[in-house]
Chemist: 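Pasting in a structure now, in structure tokens, and then I'll have a few things to ask.
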Amino acid sequence: MNTFNKEERLCSRKLIDLLFKDGSSFLLYPYRVSYLLTATSHQFPVQVVINVSKKRFKKAVDRNRIKRLTREAYRLQKQKDLYALIPESEKLLLLSVQFIGKKIYDYSFFEKKLSGVFKKLTTELQVKMTQENDQPS
RNA sequence: AAUGCAAGCCGUUCUAUCGCUGCAAUUUAAUUAUUGGAGAGGAAAGUCCGGGCAACGCAGAGCAUCUCGCUUCCUAACGGGAAGAGGACUGGGAUUGAACACCCAGGCUAUGGAAAGUGCCGCAGAAAGCAUACCGCCGAUGGCCUGAAAAGGCACAGGUAAGGUUGAAAACGUGAGGUAAGAGCUCACGAGUUUUGCCAGUGAUGGUAAGGCUGGUAAACCCCGGGAGUUGAAAGACCAAAUAGGCUAACGCAUGUAGGGCUGCUCGUCCGAUGUUAGUGGGUAGGUCGUUAGAGAUAAAUGGCGACAUUUAUAGUGGAUUAAUGAUAGAAUCCUUAUUUAUUGAGGAACAGAACCCGGCUUACAGGCUUGCAUUUUUU
RNA sequence: GGUUUCGUAGUUCAACGGAUAGAAUAGAAGUUUCCUAAACUUUAGAUAUGGGUUCGAUUCCCGUCGAGACCA
């Protein structure tokens, strides 16, 4: 299902603080992505926050448009690109997508870049998990 | 018909697919599922004013602080609006040798008081306000000299703001009298201002008669009159587990002492230290309410110059909270550009996004429509 | 969402309502030096913006634009 309702958004203030304090991040223009794996289980495997800086885009119309385009791209791609590649179902992935570009692009641009973000994210996660598995043993 | 100005209104539309947030009905263990219907603005913006609403405070009085300032009306209220009054300005007319005053039109106007007091008015200029007199004028009166006297001379005491240069501004302007020379010192005409009386007007004010006064500046201090308690939905109310211990009541201590509260201050006024017992239950994170039917909207009639008011009828209700109102495809409409002038291709869709709610103000705005006024051209 | 402060040369700061807005640095040109630095001389450069009050505004008043700070 290509849904995107409230359970898939990251709303808890505590979890957001935790994400920005302890999470790791990478940069893939025009996005800055932060992520953190937690042990709590949830209805959906990922909760996401989409973020546009008020300093870069002064007008609320521009900010709204970027957020809507990003959200649309996320909604349509998450099922096959993201959920399929995340291995463990008991864990919850906290995700933050910040837009740091200078201007507004077409929808196709957002679609392409977000799929790139998903690929990079999954590879990084796999590396992390193999490290965690190695350490205790 | 075109152009310009002013006012008002609108400010992309339709179809399909995939989604988001409320609402109603049915349904479910469960916002679980189905169906239906709804979902940004004229400025939602700036946060510049005024309110509603809420909490805190309040025996009461004064001071300070901030703010407003022609009149009448509208409004819940306003620093907003309507209609007027005055003012300087611009254009035209008339008058004249030329202008001012006068008449008409236009937009503008924070417009109480300079006759309570204080300050300031650089440079220039004699002087910027009780005129400390540079040039000039006079020297009547006093002084000195000549002379018998009449008179004349000197320019020493002094008098003088009419004339000169300066400046944004020069002691209200012009003319006459007056005088040694002069001076609103006096008179006539005129300018402004103010007090009183009469007339017109609800009133600001205007007209008129008499009296007084005459540099500017109050968006300098200030004076006069009106208004304002403070803080803002991150206000505030409710729900609920664990832990430190705040508050209330009674008794005791103490006897209104130290200290504290009451908007910034003062007067004034209220509470009032440690202990024991009993009761109640705060902060933090989360949720629900506050939260959307309102000083509402549209239309008609009536009243009013108008802002607006009254009555009747009609239609229906955005409500998110890391924050919904969207994306893609196609078609239509409009604009720009290139090729061509049948057309075809490419690009684009003004300003801008609710955050408790209203009334204003200010600012941004592609394009279109309506009305009024002005100018030009064409036709009759 | 609310409260509040401030805009002056490229930069950091001055300036009772009063001649042409000042200083330090940075820039440009020149002197000096074999060359550079230092030193010296000269020079260009600004009141955020639109109105108003006043004879006169960086300063006073009002409206825009922009930049900060604070309130959980």
Side-chain angles (χ1 to χ4, degrees):
Chain A
M1 286 291 288
N2 295 330
T3 58
F4 187 70
N5 56 28
K6 198 162 176 184
E7 295 300 310
E8 295 178 62
R9 298 180 203 175
L10 181 51
C11 295
S12 165
R13 193 185 192 87
K14 272 185 180 173
L15 291 178
I16 293 169
D17 288 343
L18 195 71
L19 167 62
F20 284 108
K21 200 181 166 196
D22 297 337
S24 42
S25 67
F26 62 88
L27 219 127
L28 190 137
Y29 188 84
Y31 290 116
R32 181 173 189 279
V33 180
S34 304
Y35 62 94
L36 184 70
L37 262 178
T38 56
T40 52
S41 70
H42 196 261
Q43 190 179 352
F44 294 92
V46 182
Q47 277 195 324
V48 71
V49 140
I50 295 164
N51 193 323
V52 181
S53 165
K54 195 173 183 179
K55 277 204 170 176
R56 283 180 197 278
F57 295 92
K58 299 271 180 204
K59 290 175 186 174
V61 177
D62 299 340
R63 272 180 272 134
N64 273 346
R65 176 146 189 89
I66 289 166
K67 283 200 271 189
R68 282 166 180 163
L69 288 170
T70 308
R71 195 163 57 221
E72 191 69 11
Y74 179 85
R75 181 173 73 83
L76 292 175
Q77 292 186 66
K78 63 171 179 173
Q79 198 70 29
K80 68 174 166 57
D81 287 346
L82 190 61
Y83 287 7
L85 298 172
I86 289 177
E88 298 192 44
S89 59
E90 293 94 40
K91 290 193 174 180
L92 173 67
L93 179 67
L94 304 178
L95 189 68
S96 140
V97 179
Q98 289 179 288
F99 187 84
I100 54 163
K102 292 272 163 61
K103 60 176 184 180
I104 304 174
Y105 303 94
D106 286 344
Y107 172 71
S108 56
F109 183 86
F110 280 90
E111 203 171 20
K112 208 168 64 188
K113 285 291 173 185
L114 207 64
S115 68
V117 165
F118 287 161
K119 272 182 199 137
K120 185 159 183 179
L121 185 61
T122 45
T123 52
E124 288 215 4
L125 276 177
Q126 278 164 1
V127 167
K128 269 218 164 154
M129 269 185 265
T130 48
Q131 280 175 355
E132 277 179 18
N133 291 342
D134 291 345
Q135 268 179 356
S137 63

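The analysis underlying the following values was restricted to heavy atoms, covering all of them including side chains, and did not include hydrogens, waters or symmetry mates. The model shown is predicted, which means the values in this text are computed figures rather than measured ones. So that the names make sense, note that chain A is the first sequence line, chain B the second, and so on, each numbered from 1.
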Chemist: Figure out the CD1/C1' separation between A:Ile66 and B:U322, and round it to whole Å.
Modeler: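 In whole Å, B:U322 C1' and A:Ile66 CD1 are 17 Å from each other.
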Chemist: As an exercise, state the distance from CD1 of A:Ile66 to CZ of A:Arg71, rounded to the nearest 0.5 Å.
Modeler: 12.5 Å
Chemist: Just label B:G122 as syn or anti from its O4'-C1'-N9-C4 or O4'-C1'-N1-C2 angle, using within 90° of 0 for syn.
Modeler: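 It is anti.
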Chemist: Which whole number of Å gives the distance between the P atom of B:A307 and that of B:G8?
Modeler: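 Those two atoms are separated by 13 Å.
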Chemist: Should A:Arg32 and A:Phe99 count as side-chain neighbours, where that means a heavy-atom distance under 4.5 Å?
Modeler: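 A side-chain contact under 4.5 Å is absent here.
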Chemist: A:Val61 side chain: which of B:C18, B:A352, B:A40 is closest?
Modeler: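 Given the options B:C18, B:A352, B:A40, the side chain of A:Val61 is closest to B:A352.
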Chemist: Within less than 4.0 Å of OP1 or OP2 of B:A352, is there a side-chain N or O belonging to A:Arg65?
Modeler: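 No, no such contact exists.
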Chemist: Check the distance between B:A320's C1' and A:Lys67's NZ and give it to me in whole angstrom.
Modeler: 12 Å
Chemist: Check A:Thr70 against A:Leu114 and note the closest heavy-atom contact, atom names and distance.
Modeler: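 Taking A:Thr70 first and A:Leu114 second, the nearest heavy atoms are O-CD2, 4.1 Å.
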Chemist: Rounded to the nearest angstrom, tell me the gap between atom CD in A:Gln77 and atom C1' in B:A327.
Modeler: 13 Å
Chemist: When the P atoms of B:A161 and B:U214 are compared, how many Å lie between them, rounded to an integer?
Modeler: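 Their P atoms lie roughly 16 Å apart.
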Chemist: Over all strands shown, is A:Arg63 touching base, sugar-phosphate only, or nothing at heavy-atom distances under 4.0 angstrom?
Modeler: nothing
Chemist: Who does B:G80 pair with, Watson-Crick or G-U, both distances under 3.5 Å?
Modeler: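 Check on B:G80: paired to B:C74, both distances under 3.5 Å.
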Chemist: Rounded to the nearest 0.5 Å, how far does CZ of A:Arg63 lie from CZ of A:Arg68?
Modeler: 12.0 Å
Chemist: I'd like the P distance from B:A116 over to B:C224, given in whole Å.
Modeler: 12 Å
Chemist: Syn or anti for B:G294, please, going by whether the chi angle lies within 90° of 0.
Modeler: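 B:G294: anti glycosidic orientation.
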Chemist: For B:C222, which nucleotide is its Watson-Crick or G-U wobble mate, given both distances must be under 3.5 Å?
Modeler: B:G113
Chemist: Work out how far the P atom of B:G225 is from that of B:G42, and round it to whole angstrom.
Modeler: 47 Å
Chemist: With both distances kept under 3.5 Å, what pairs with C:U58, Watson-Crick or G-U wobble?
Modeler: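 When the pairing criteria are applied, nothing turns out to pair with C:U58, so the answer is none.
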Chemist: With both distances under 3.5 Å as the test, what is the Watson-Crick or G-U wobble partner of B:A278?
Modeler: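 The answer is B:U248, by the H-bond criterion.
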Chemist: Work out how far the C1' atom of B:C262 is from that of B:G229, and round it to whole angstrom.
Modeler: 12 Å
Chemist: Below 3.5 Å, does any donor atom in the side chain of A:Arg75 face an acceptor in the base of B:C18, or the other way round?
Modeler: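 Yes.
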Chemist: Whole angstrom is fine here: how far is it from CZ in A:Phe110 over to C1' in B:G326?
Modeler: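 It is 14 Å, rounded to the nearest whole Å.
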Chemist: Say you pick atom C1' in B:U266 and the same atom in B:C251; how far apart are they, in whole Å?
Modeler: 40 Å
Chemist: Answer syn or anti for B:U109, where the cut-off is 90° from 0 on the glycosidic torsion.
Modeler: anti
Chemist: So what's B:G347 paired with, Watson-Crick or G-U wobble, going by both distances under 3.5 Å?
Modeler: B:C335
Chemist: Taking atom P in both B:U34 and B:G39, compute the distance separating them and give it to the nearest angstrom.
Modeler: 23 Å
Chemist: For A:Glu72 and B:C18, what is the distance between atoms CD and C1' respectively, to the nearest whole Å?
Modeler: 7 Å
Chemist: Searching all strands shown, indicate the nucleotide that pairs with B:G184 (Watson-Crick or G-U wobble; both distances under 3.5 Å).
Modeler: none
Chemist: Does C:C65 have a Watson-Crick or wobble partner in any strand here, with both distances under 3.5 angstrom, and which is it?
Modeler: C:G7
Chemist: Under a 3.5 Å limit for both distances, which nucleotide forms a Watson-Crick or G-U wobble pair with B:A309, could you say?
Modeler: B:U302
Chemist: For B:G184, does the glycosidic angle fall within 90° of 0 (syn) or outside that (anti)?
Modeler: syn
Chemist: Please check if the number of heavy atoms outside A:Lys112 that lie under 6.0 Å from its NZ is greater than 12.
Modeler: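 No, the 6.0 Å shell around NZ holds no more than 12 heavy atoms from other groups.
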Chemist: Which class fits the ring pair A:Phe118 and A:Tyr74: parallel under 30°, tilted 30 to 60°, perpendicular over 60°?
Modeler: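 Ring orientation, 0 to 90° scale: perpendicular.
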Chemist: Start with the C-alpha distance between A:Gln98 and A:Tyr31, add both sets of side-chain angles, then the distance that settles side chain to side chain contact (heavy atoms under 4.5 Å, CB included), and finish with yes or no.
Modeler: CA-CA 6 Å; A:Gln98 289 179 288; A:Tyr31 290 116; over 6 Å; no
Chemist: Taking the nucleotide of RNA chain B with the nearest heavy atom to each, does A:Arg68 or A:Tyr107 sit closer to the 5' end?
Modeler: A:Arg68
Chemist: Show the nearest heavy-atom pair for residues A:Leu121 and A:Phe26, with the distance to one decimal.
Modeler: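 Smallest interatomic distance, heavy atoms only, reads CD1-CE2, 4.0 Å.
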Chemist: Between C:A26 and C:G51, how many Å separate the two C1' atoms, rounded to a whole number?
Modeler: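 Straight-line distance between the two C1' atoms is 37 Å.
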Chemist: Syn if the chi torsion is within 90° of 0, anti otherwise; quick check, which is C:A19?
Modeler: syn
Chemist: Can you tell me the distance, in whole Å, between the CG atom of A:Asn64 and the P atom of B:A44?
Modeler: 18 Å
Chemist: If I take atom CG in residue A:Asp62 and atom C1' in nucleotide B:A352, what distance separates them, rounded to the nearest angstrom?
Modeler: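 Value for this atom pair: 9 Å.
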Chemist: Taking the nucleotide of RNA chain B with the nearest heavy atom to each, does A:Leu69 or A:Ala60 sit closer to the 5' end?
Modeler: A:Leu69
